[in-house]
Amino acid sequence: MREYKKIMQEEKTEFELSGLDADELGFMRADERRAAMEAAGLNPDEYDF
């Protein structure tokens, strides 16, 4: 079980690695959110907020 937890902690999504906070993005206007995601190198069309 310990190994499984360690593997899960090591596997992070592109979104998590971007440093963005999903809760914070959820409170932004759509155009602000899109700009923040593009600035972080993400494709905003791939995420649903």
Side-chain angles (χ1 to χ4, degrees):
M1 184 77 165
R2 241 182 223 167
E3 285 183 37
Y4 177 73
K5 286 184 180 181
K6 185 177 180 180
I7 291 170
M8 291 303 293
Q9 288 174 349
E10 291 175 3
E11 292 179 12
K12 294 195 177 195
T13 65
E14 181 181 34
F15 185 83
E16 291 171 322
L17 294 172
S18 74
L20 296 175
D21 180 352
D23 292 329
E24 187 176 313
L25 289 173
F27 289 104
M28 292 181 177
R29 291 190 331 252
D31 59 330
E32 292 175 322
R33 183 172 43 248
R34 185 171 196 79
M37 293 178 80
E38 287 173 348
L42 299 174
N43 180 357
D45 296 328
E46 293 181 8
Y47 298 91
D48 183 25
F49 279 92

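Scope of the values below: all heavy atoms of this structure, side chains included, with no hydrogens, waters or symmetry mates.
Between the OH atom in Y47 and the OG1 atom in T13 there is a gap of 6.0 Å [rounded to 0.5 Å].
What you find for D21 and D23 is that their closest heavy atoms are OD1-N, 3.0 Å. The minimum heavy-atom distance between M28 and R33, with the atom names listed, is O-NH1, 3.0 Å. Contact record, E38 with P44: CG-CG, 3.6 Å, taken as the closest heavy-atom pair.
Using a 4.5 Å heavy-atom cutoff, the side chains of L25 and F15 are in contact. Between D45 and R34 there is a side-chain heavy-atom pair separated by less than 4.5 Å.
Residues L20 and L17 are members of separate hydrophobic clusters, defined by side-chain heavy-atom contacts under 4.5 angstrom among Ile, Leu, Val, Met, Phe, Trp and Tyr.
Few gaps surround CD on E16; more than 12 heavy atoms of other groups in view lie less than 6.0 Å from it.
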